[in-house]
Amino acid sequence: MPALPTMYEPSCRLKEPAVARHRDRQPRRYPRLTHPLVRDPASGELRRVEPGMEVRTDTERARHSRKVVLELLASSVDMSTTPRAAEWIEEYGAEPGRFGPDAARVDEEPKIDNDLYVRDYDKCVLCYKCVDACGEQWQNTFAIAVAGRGFDARISTEHDAPLTDSACVYCGNCIEVCPTGALGFRSEFDMRAAGTWDESAQTRTTTVCAYCGVGCNLTLHVQDNEIVKVTSPHDNPVTHGNLCIKGRFGYQHVQNRD
């Protein structure tokens with residue numbers, strides 16, 4: 001008899017706030033923002049469904065739990081680029097400032113050590129999605145892992161070496177799964193810093209990568225007639241959101257109008 005799904009899987013997806021969901025990756029852990037109650041408090045959606053199980057997702061206790069988690073996250077990391085974070089903070093009445101000015105914060109400067117993408121760990125919520133994407137679930141490169149313990153835990157390369165000295169192959173699949181903007185395109189980072197990044201003005205066009213014969217689908221994000229970043233549809237049977245360095249970052253020649 002096949003095992004019943006977990007509460008994470010699409011056939012049993014809970015409708016509640018979740019920073020770290022991704023349709024093509026099985027999670028190892030969660031920030032406890034999802035936190036449904038299954039008779040007694042259970043840790044998120046990784047618990048497997050059981051016959052007769054009663055799941056309550058909108059009780060006072062569950063909402064209070066999410067409120068506190070939002071306050072802890074927003075008081076310690078920058079959630080300004082986390083989709084829907086401001087909406088959830090308002091919905092649950094979270095008050096991140098209640099911990100005062102002395103609350104511990106990550107306060108890390110962005111790591112800019114290559115021309116392709118930026119690691120801004122001041123926005124990292126330690127969901128481990130990038131580690132899994134770089135490791136056994138997608139790329140099998142294992143260039144990054146978790147270093148440290150407790151509040152000092154960080155995503156890091158081996159011995160905290162620059163990305164250029166690590167095993168990274170610059171596929172950018174870690175960017176694809178990052179839910180908070182802690183990992184992002186260098187182009188997007190520079191445009192945000194300059195105040196010119198405007199997603200509402202961007203168009204998206206899906207095409208086929210021309211570098212090889214695999215047939216990966218690319219989604220070109222274009223602003224002011226310039227490609228500003230490239231992603232891949234998660235529902236594409238070839239890529240499932242994955243790309244290589246050429247597909248994700250090799251678009252500059254298109255913009256060379258000399």
| task | Using the test salt bridge (Lys or Arg N to Asp or Glu O under 4.0 Å), find all partners of D198 that sit at least two apart in sequence or belong to another chain. | result | none
| task | For the pair E87 and R84, find out whether any cationic side-chain nitrogen is under 4.0 Å from an anionic carboxylate oxygen. | result | yes
| Stepwise side chain to side chain contact (heavy atoms under 4.5 Å, CB included) check, Y121 with I155 | CA-CA 8 Å; Y121 290 138; I155 305 299; 3.7 Å; yes
| said: When you measure from the side chain of R154 to the backbone of F151, do you find a donor-acceptor pair of N or O atoms at a distance under 3.5 Å? | reply: yes
| query | Taking side chain as C-beta onward, heavy atoms only, is I227 less than 4.5 Å from H221? | reply | no
| message | Quick check on the hydrophobic clustering: are I245 and F185 connected, directly or via other members, by side-chain heavy-atom contacts under 4.5 Å? | response | yes
| query | Does V69 share a hydrophobic cluster with V106, counting links as ILVMFWY side-chain heavy atoms below 4.5 Å and allowing steps through other members? | reply | yes
| said: Within this structure, what is the CG-CZ distance for the pair L116 and R186, rounded to the nearest 0.5 Å? | reply: 9.0 Å
| message | Using only atom types and a distance under 3.5 Å, with no angle test, would you say the side chain of T141 pairs donor to acceptor with the backbone of A143? | response | no
| request: Using side-chain hydrogen bond (donor to acceptor under 3.5 Å, both in side chains) as the criterion, point out the one residue from K229, E199, Q202 that pairs with Q223. | output: Q202
| Min side-chain heavy-atom separation V208-C216 under 4.5 Å | no
| said: Return the CD1 to CZ distance between I175 and R119, rounded to the nearest 0.5 Å. | reply: 11.0 Å
| request: Count the heavy atoms belonging to other residues, nucleotides or ligands that lie under 6.0 Å from CG of D165, then report whether that count exceeds 12. | output: yes
| task | State yes or no: do L183 and L163 share one hydrophobic cluster built from I, L, V, M, F, W and Y residues joined by side-chain heavy-atom distances below 4.5 Å, directly or via other members? | result | yes
| request: Could you tell me whether the side chain of T82 and the main chain of A85 form a donor-acceptor pair under 3.5 Å? | output: no
| Does C124 reach the side chain of V77, with side-chain heavy atoms less than 4.5 Å apart? | no
| said: Just so I know, are the side chains of Y170 and N114 near enough to count as touching, which here means a heavy-atom distance under 4.5 Å? | reply: yes
| query | Are the side chain of N242 and the backbone of T239 linked by a donor-acceptor contact shorter than 3.5 Å? | reply | yes
| message | Is it the case that atom CZ in R204 sees more than 12 heavy atoms from other parts of the structure closer than 6.0 Å? | response | no
| task | Decide if atom CD of Q252 counts as having more than 12 heavy atoms of other residues, nucleotides or ligands within a radius under 6.0 Å. | result | yes
| Closest non-hydrogen atom pair, L126 against A153 | CD1-O, 3.7 Å
| How far does SG of C244 sit from CD of Q139, to the nearest 0.5 angstrom? | 9.0 Å
| message | Apply side chain to side chain contact (heavy atoms under 4.5 Å, CB included) to residues V146 and S156 and explain how you reach the verdict. | response | CA-CA 6 Å; V146 179; S156 175; over 6 Å; no
| said: Contact between V228 and M191 at the side-chain level, heavy atoms closer than 4.5 Å - yes or no? | reply: yes
| message | So that I can tick it off, tell me whether D113 and K111 are bridged by a salt bridge, with the cut-off set at under 4.0 angstrom between side-chain N and carboxylate O. | response | no
| field | pair S80-K123: side-chain heavy atoms closer than 4.5 Å | value | yes
| Transitively linked via ILVMFWY side-chain contacts under 4.5 Å: Y251 with L243? | yes
| Hey, does the side chain of D224 reach the backbone of E226 with a donor-acceptor pair shorter than 3.5 angstrom? | no
| task | Would you please classify the geometry between the F249 ring and the Y117 ring as parallel, tilted or perpendicular, with 30° and 60° separating the classes? | result | parallel
| task | Kindly compute the distance separating SG (C174) from NZ (K129), expressed to the nearest 0.5 Å. | result | 12.0 Å
| message | Would V238 and N217 count as a side chain to side chain contact (heavy atoms under 4.5 Å, CB included) here? Give the steps. | response | CA-CA 8 Å; V238 177; N217 274 199; over 6 Å; no
| field | In one Ile/Leu/Val/Met/Phe/Trp/Tyr side-chain cluster, 4.5 Å: V230, Y211 | value | no
| said: For the CG atom of D120 and the SG atom of C178, what is their distance to the nearest 0.5 Å? | reply: 9.5 Å
| query | Going through the checks in order, is the salt bridge (charged side-chain N to carboxylate O under 4.0 Å, His left out) test met by K67 and E95? | reply | CA-CA 8 Å; K67 174 180 179 289; E95 300 177 21; 5.5 Å; no
| task | Can you spot which of R66, H64, E71 makes a side-chain hydrogen bond (donor to acceptor under 3.5 Å, both in side chains) with Y92? | result | R66
| request: Please name the pair of heavy atoms, one in W138 and one in A133, separated by the smallest distance, quoted to 0.1 Å. | output: CB-O, 3.1 Å
| How far does OG of S232 sit from CD of E176, to the nearest 0.5 angstrom? | 7.0 Å
| said: In the structure I gave you, are the side-chain heavy atoms of P233 and T206 within less than 4.5 Å of one another anywhere? | reply: yes
| Should we say atom CG of N140 is surrounded by more than 12 heavy atoms from elsewhere, each under 6.0 Å from it? | yes
| query | Do the non-hydrogen side-chain atoms of T205 and T219 ever get within less than 4.5 Å of each other? | reply | no
| F142 and V131: CA distance, side-chain angles, deciding distance, side chain to side chain contact (heavy atoms under 4.5 Å, CB included) verdict | CA-CA 7 Å; F142 300 97; V131 175; over 6 Å; no
